[in-house]
Amino acid sequence: MISALRDSTAHVFVDAIDAPVLDEIDAHHLLRVLRVKPSDTVTVSDGKGKWCSGVLNSDATIEATSEVFTTAAPNWPLTVAFSLVKGDRPEWTVQKLTEIGIDEIVVLAPTVRSVVRWDHDRSNKNIERLRRVAREAAMQSRRTWLPNVHGVIEMSTIAHLFIADPSGVSLDASHRSIAVGPEGGFAPHETETCSGLVSLGETVLRAETAAVSAAVLMSDYRRKRN
Ligand code: SAM
């Protein structure tokens with residue numbers, strides 16, 4: 001990882017990298033919660049690969065102290081699609097998938113054995129909340145590309161999708177897009193249209209553990225190939 005990003009006091013996303021200004025919530029977080037001082041170096045990114053170092057002024061503007069760097073878009077984008085499960089586990093899942101570096105995070109439409117179902121209004125609101133969770137996690141993990149959070153999407157519409165299933169083949173570099181089922185798993189007919197089944201290990205994992213395992217294993221293959 002680039003040391004300027006890793007060592008910065010805080011990392012934050014802005015709309016315009018050439019004239020970076022923090023939004024109200026980020027300004028409050030950096031100035032009042034993290035108590036970033038004028039002497040501290042922060043990094044700012046547009047979430048689309050561009051970033052620079054800077055110092056934070058009390059009016060929430062950032063004075064750049066470096067050139068603007070560009071990180072190339074992921075040449076090997078990774079997708080994790082997951083079924084909704086109870087409680088705050090979708091938030092937790094999105095946070096961890098973002099930290100690990102997943103590029104496309106997909107909330108699946110209810111499947112046969114899904115217990116949790118969002119109605120249309122709640123869906124839009126909840127997906128927006130998950131996007132905020134991803135943005136915060138991307139700040140914490142110093143990402144320069146924000147992940148895309150999609151939802152809610154029918155599994156059958158996602159191309160080249162493998163299904164996480166203990167009976168599947170061992171994960172390898174060809175698996176770049178994986179779907180994880182709900183608490184009760186997928187019904188047999190739901191997996192028929194997918195590209196294949198992929199195993200994440202010898203034990204039955206909770207859905208959110210399976211999503212994180214898929215992310216870690218796929219990221220490791222990407223890291224070794226890059
Ligand atoms: N009794 C359910 C079943 O047999 O499918 C268990 C479902 S598990 C709690 C939730 C999801 O996690 C599964 O649908 C699957 O996608 C994923 N999963 C759990 N353990 C796994 C493993 N060892 N390998 C691959 N996927 C796994």
Side-chain angles (χ1 to χ4, degrees), residues 74 76-120 122-123 125-127 129-131 133-134 136-138 141 147-226:
W76 181 332
L78 299 176
T79 301
V80 173
F82 65 95
S83 307
L84 286 171
V85 285
K86 288 181 197 158
D88 62 0
R89 287 186 280 157
E91 282 84 348
W92 187 90
T93 304
V94 167
Q95 185 188 59
K96 301 309 165 205
L97 296 179
T98 304
E99 287 174 34
I100 293 164
I102 295 304
D103 307 290
E104 309 293 330
I105 299 173
V106 181
V107 177
L108 291 173
T111 52
V112 172
R113 297 181 186 155
S114 292
V115 175
V116 179
R117 288 158 194 269
W118 291 342
D119 63 30
H120 184 264
R122 218 165 118 215
S123 268
K125 223 174 83 198
N126 290 348
I127 293 295
R129 196 178 66 246
L130 293 180
R131 289 190 178 125
V133 169
E136 280 167 25
S141 52
N148 295 308
V149 179
H150 312 270
V152 286
I153 307 274
E154 295 290 338
M155 196 162 68
S156 57
T157 64
I158 307 173
H160 312 299
L161 185 68
F162 289 86
I163 303 279
D165 189 285
S167 70
V169 299
S170 294
L171 192 145
D172 64 32
S174 68
H175 302 112
R176 301 178 185 190
S177 195
I178 294 183
V180 171
E183 287 95 335
F186 291 117
H189 74 272
E190 290 178 306
T191 61
E192 277 164 10
T193 55
C194 75
S195 299
L197 304 182
V198 61
S199 167
L200 303 170
E202 295 302 310
T203 52
V204 177
L205 307 167
R206 281 173 69 140
E208 69 273 23
T209 318
V212 168
S213 300
V216 170
L217 292 168
M218 288 196 294
S219 302
D220 198 46
Y221 273 106
R222 174 164 70 177
R223 196 170 53 82
K224 286 176 183 153
R225 286 287 174 97
N226 278 332

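Ligands are counted one by one from 1 in listed order, and the atoms in each one are counted from 1 as well. Values reported hereafter were calculated over all heavy atoms of this structure, with side chains retained and with hydrogens, waters and symmetry mates removed.
In terms of N/O distances under 3.5 Å, ligand 1 is not approached by Ala210. At least one N or O atom of Leu205, backbone or side chain, sits closer than 3.5 Å to an N or O atom of ligand 1. Backbone and side-chain nitrogen or oxygen atoms of Gly201 are examined, and one is located within less than 3.5 angstrom of a nitrogen or oxygen of ligand 1. At least one N or O atom of Ala164 sits closer than 3.5 Å to an N or O atom of ligand 1. Remark: ligand 1 and Asp165 share an N or O pair separated by less than 3.5 Å (distance only, no angle test). Taking any N or O of Arg206, backbone or side chain, none lies under 3.5 Å from an N or O belonging to ligand 1.
No donor-acceptor pair under 3.5 Å is formed between the side chain of Arg117 and the backbone N or O of Ala109. With hydrogens and angles ignored, the 3.5 Å screen pairs no side-chain donor or acceptor of Asn148 with any backbone N or O of Glu104. A donor-acceptor distance shorter than 3.5 angstrom exists from the side chain of Glu190 to the backbone of Val112, with no hydrogens or angles considered. A donor-acceptor distance shorter than 3.5 angstrom exists from the side chain of Glu183 to the backbone of Lys86, with no hydrogens or angles considered. Side-chain atoms of Tyr221 do not come within 3.5 Å of backbone N or O of Arg176 as any donor-acceptor pair.
Taking a 4.0 Å cut-off on heavy atoms, Leu197 fails to register as neighbouring ligand 1. Residue contact check for ligand 1: Pro182 places a non-hydrogen atom closer than 4.0 Å to it.
Side chains of Ile127 and Leu130 form a contact here, defined as non-hydrogen atoms less than 4.5 Å apart. The shortest side-chain heavy-atom distance between Asp103 and Arg222 falls under the 4.5 Å cut-off.
Residue contacts with ligand 1 for Glu183 involve N, CA, C or O but no side-chain atom from C-beta outward (heavy atoms, distance under 4.0 Å). Contact annotation for Thr209 and ligand 1: no heavy atom of the residue comes within less than 4.0 Å of the ligand. Using a 4.0 Å cut-off between heavy atoms, Val198 contacts ligand 1 through its backbone alone, with no side-chain atom that close.
Here the closest heavy-atom approach between residue Leu84 and residue Pro182 is recorded as O-CB, 4.3 Å. Scanning both residues, Pro147 and Ala134, for their nearest heavy atoms gives CG-CB, 4.0 Å.
The protein atom (non-hydrogen) at minimum distance from atom 11 (C) of ligand 1 is Gly181 O, 3.6 Å. The nearest protein atom to atom 5 (O) of ligand 1, hydrogens excluded, is given as Gly185 CA, 3.4 Å; this is a heavy-atom distance. The protein non-hydrogen atom at the shortest distance from atom 27 (C) of ligand 1 is Pro166 CD, 4.0 Å. Atom 4 (O) of ligand 1 has its closest protein heavy atom at Gly184 O, 4.9 Å.
Close contacts between ligand 1 and Leu200 involve ligand atoms 22 (C), 24 (N), 25 (C), 26 (N) [criterion: under 4.0 Å to a heavy atom].
Rounded to the nearest 0.5 Å, atoms CG (Leu197) and CD1 (Ile178) are 11.0 Å apart. Note: Met155 CE to Ser83 OG = 7.0 Å, rounded to the nearest 0.5 Å.
Within 4.0 Å of atom 24 (N) of ligand 1, at least one protein heavy atom is present.
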